[in-house]
Amino acid sequence: MNGTRYAALVTSPAVEGVYYNKEVFEANGITETPKNFDEMVELARRLKAKGVTPFYEMAGDRWATQWWVQVQLADAAKDGLWDKINKGQETFSSPVVLDAIKKYKSLIDEGLFNKDIKTARFEDQGKALLDGKAAMVVQVNSFFGQLQATADTATLDKRIGFFPISPSGNVGTFIPDQSNALVAFKTGDAKREAAARQLLSFWMGPGYKDFIADRNTVSLETDVPSPASVPKALQQVHDSLGEAVGSMQALAVANPDLYINLADMITGTMTPEQVASTTQEQFAQLAKRRRGRFLTPDDSRPPTGPSTGRGGRGSPPSPRPAPEDMPC
C-alpha cells in the first residue's frame with residue numbers, strides 16, 4: 001500500500017544469540033550466564049581448560065557462520081552501522097566490521113570451537129549441544145526448532161537455555177525469518193485476493209490458538225495465551241526482542257554472501273581481509289542492481305522490494321523485504 005509492503009506477524013521474530021547447555025554449565029560450576037561478549041569468551045577459555053568444547057559451529061552448512069560476526073556488531077548496529085553502510089560512510093572493510101571478522105577467526109584459531117568445524121552440519125550442531133558435547137552455540141530460532149523436533153519440553157527445559165549477547169551487554173540481534181509472517185499480495189485476481197484475506201482473517205482470528213498450540217510456540221496476541229508447554233528457552237528468545245537491534249538482513253539495503261565468505265575463511269581459502277573486501281564488492285553490486293545506480297553518501301533511503309542477495313537466514317536464504325517493508 002502506497003509503496004510499503006505490510007505483513008501479519010504470526011510467530012515471534014528470530015533472534016541471534018547464544019543457546020547453552022545448562023547441565024554443562026552446572027557441571028563446571030557456572031552459575032550465571034555471561035553479561036557481555038568478552039565475558040563469554042573468558043568463560044569459553046575456562047571451559048576449554050577443563051576439557052570442554054566451548055562453542056560448536058557448522059561451517060559445513062555455512063549459513064550460520066555470519067551470526068558470530070553480527071552479534072559482535074550489535075552495538076554498532078544500534079548506533080546506525082547499517083545506515084552508514086547503506087550510505088557508503090562505512091564498508092565491510094571498515095575496522096568495525098573487519099575487526100569482528102578477525103575476532104571470530106582468532107577464536108577459531110585459539111581452539112574454542114569443535115575440531116570438525118570445517119565439515120560439521122546443522123544437525124550435528126543441535127545434537128552436540130543437546131547431548132552436552134559442546135557448551136554453547138550462537139544461532140537463531142530455527143536451531144531451536146530442530147531441538148524441539150528431537151526432544152520434549154521437559155528435556156529442553158532441563159538442558160537448554162538462551163541468552164542474547166553483544167559487546168556491551170545482553171542485547172540480541174533480530175533477523176527476518178520467512179516463517180514469521182504472512183503476506184497477501186495484490187495480484188489483480190479478485191477471487192484470490194478475497195481468499196487470501198479470508199485466510200489471514202482466520203489464521204489471526206479463530207485459528208490462531210490452534211496454530212500456536214500445534215507449533216508449541218509463543219503467542220503474539222494478548223488475548224491468546226502461550227501454551228503451557230512452550231520451552232523456557234524459546235520464551236527467553238522472545239523476551240529478548242524488546243531490546244534487540246536490527247541485523248544486516250533487517251537493515252542493510254542488500255544482503256551479500258557474508259556467510260559463504262566466512263565459511264571460506266574457516267576452510268582456509270580466504271583471509272579476514274578478503275572476506276571483508278569480497279563481501280563489500282557483493283554488497284555494492286547488489287545495491288546497485290536494486291537502485292539502478294551506485295551508492296553515494298547522500299543516498300540513504302533503501303528502495304522497496306526484495307533483495308537479490310543470498311546472505312543468510314533464520315531459515316534457508318530467501319528474498320527479504322527492505323527495512324521499510326518490514327512489519328512493525
Side-chain angles (χ1 to χ4, degrees), residues 3-4 13-17 36-38 65-105 138 164-169 171-176 241 243-262 265 270-314 319-326 328:
T4 299
V15 177
E16 300 165 18
N36 55 55
F37 190 88
D38 286 344
T65 57
Q66 63 186 309
W67 309 149
W68 269 91
V69 171
Q70 293 211 48
V71 297
Q72 293 182 73
L73 297 176
D75 294 347
K78 187 175 181 180
D79 292 336
L81 171 66
W82 299 113
D83 186 49
K84 293 173 185 175
I85 287 179
N86 291 340
K87 294 177 179 179
Q89 296 171 349
E90 297 274 15
T91 71
F92 285 85
S93 293
S94 295
V96 62
V97 182
L98 180 56
D99 287 350
I101 297 171
K102 288 180 175 179
K103 181 69 172 180
Y104 181 32
K105 185 177 187 303
V138 175
I165 202 72
S166 66
S168 65
V171 177
T173 301
F174 71 81
I175 175 172
L241 275 168
E243 296 183 1
V245 298
S247 63
M248 175 180 74
Q249 287 82 354
L251 299 179
V253 298
N255 200 352
D257 292 339
L258 174 61
Y259 72 108
I260 293 178
N261 301 327
L262 288 168
M265 178 187 75
M270 273 193 177
T271 65
E273 290 80 8
Q274 289 171 328
V275 170
S277 62
T278 301
T279 303
Q280 178 59 33
E281 290 170 6
Q282 293 168 341
F283 175 81
Q285 287 300 315
L286 290 168
K288 177 184 177 182
R289 193 181 308 168
R290 293 194 67 204
R291 293 178 170 180
R293 61 191 186 280
F294 284 107
L295 288 170
T296 67
D298 295 328
D299 186 9
S300 60
R301 184 181 183 276
T304 58
S307 166
T308 53
R310 297 178 293 161
R313 63 179 192 159
R320 61 161 182 84
E324 70 268 38
D325 298 337
M326 289 298 296
C328 298

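If you're wondering where the values come from, they're calculated on a predicted model, not measured in any experiment.
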Checklist entry - Quick one: CZ on Phe174 to CD on Gln70, what's the gap to the nearest 0.5 Å? => result 11.0 Å

Item to check | Residues Leu262, Ile101; criterion side chain to side chain contact (heavy atoms under 4.5 Å, CB included); working and verdict | outcome: CA-CA 8 Å; Leu262 288 168; Ile101 297 171; 4.0 Å; yes

Next on the checklist: Hydrogens and angles aside, do Glu16 and Gln66 bring a side-chain donor and acceptor to less than 3.5 Å of each other?
Outcome noted: no

Item to check | Pairing residues for Thr91 by the side chain to side chain contact (heavy atoms under 4.5 Å, CB included) criterion, not counting sequence neighbours | outcome: Ser93, Ser94, Gln280

Checklist entry - Which pair of non-hydrogen atoms, one from Thr65 and one from Tyr259, has the smallest distance, and what is that distance? => result OG1-O, 3.0 Å

Item to check | Note, Val15 side chain near Leu241 side chain (heavy atom, < 4.5 Å) | outcome: yes

Next on the checklist: Donor-acceptor pair, distance only, cut-off 3.5 Å: does the side chain of Asn86 make one with the backbone of Val253?
Outcome noted: yes

Checklist entry - Roughly how far, to the nearest 0.5 Å, is CE of Met265 from NZ of Lys102? => result 11.5 Å

Next on the checklist: If I take atom CG from residue Asn255 and atom CG from residue Leu286, how far apart are they, to the nearest 0.5 angstrom?
Outcome noted: 8.0 Å

Checklist entry - Roughly how far, to the nearest 0.5 Å, is the CH2 atom of Trp82 from the CD atom of Gln249? => result 8.0 Å

Checklist entry - Within a strict 4.5 Å, meaning less than it, do heavy atoms of the Phe92 and Leu98 side chains meet? => result no

Next on the checklist: Parallel, tilted or perpendicular: which one describes the rings of Phe37 and Trp68, with boundaries at 30° and 60°?
Outcome noted: perpendicular

Item to check | Atom CD of Gln274: over 12 foreign heavy atoms under 6.0 Å | outcome: yes

Checklist outcome for this item: CE of Met270 to CD1 of Ile260, rounded to nearest 0.5 Å, is 9.5 Å

Checklist entry - Can you name the closest pair of heavy atoms from Ser247 and Pro176 and give their distance? => result OG-CD, 4.0 Å

Checklist entry - With Lys105, which residues qualify under salt bridge (Lys or Arg N to Asp or Glu O under 4.0 Å), at least two apart? => result Asp109

Checklist entry - Got a sec, which residues hit salt bridge (Lys or Arg N to Asp or Glu O under 4.0 Å) with Glu281, two or more places apart in sequence or on another chain? => result none

Item to check | Where at least one partner belongs to residues 65-77, residue pairs that pass salt bridge (Lys or Arg N to Asp or Glu O under 4.0 Å), sequence neighbours excluded | outcome: none

Next on the checklist: Using the salt bridge (Lys or Arg N to Asp or Glu O under 4.0 Å) criterion, which residues pair with Lys103? Sequence neighbours excluded.
Outcome noted: none

Checklist entry - Does Thr279 have any side chain to side chain donor-acceptor pair (under 3.5 Å) partners at least two apart in sequence or in another chain, and if so, which? => result Asn261

Item to check | Side-chain (Gln282) to main-chain (Asp257) donor-acceptor, under 3.5 angstrom | outcome: yes

Checklist entry - Is there a donor-acceptor pair closer than 3.5 Å between any side-chain N or O of Thr173 and the backbone N or O of Gly246? => result no

Checklist entry - Step by step, would you call Leu258 with Val275 a side chain to side chain contact (heavy atoms under 4.5 Å, CB included)? => result CA-CA 7 Å; Leu258 174 61; Val275 170; 4.1 Å; yes

Checklist entry - Would Lys78 and Val171 count as a side chain to side chain contact (heavy atoms under 4.5 Å, CB included) if you check the C-alpha gap in whole Å, the side-chain angles of each, and the deciding distance to 0.1 Å? => result CA-CA 10 Å; Lys78 187 175 181 180; Val171 177; 5.8 Å; no

Checklist entry - How many angstroms lie between atom CE of Met248 and atom CD1 of Ile85, to the nearest 0.5 angstrom? => result 9.0 Å

Item to check | side chain to side chain contact (heavy atoms under 4.5 Å, CB included) between Leu73 and Val96, worked out | outcome: CA-CA 8 Å; Leu73 297 176; Val96 62; 4.1 Å; yes

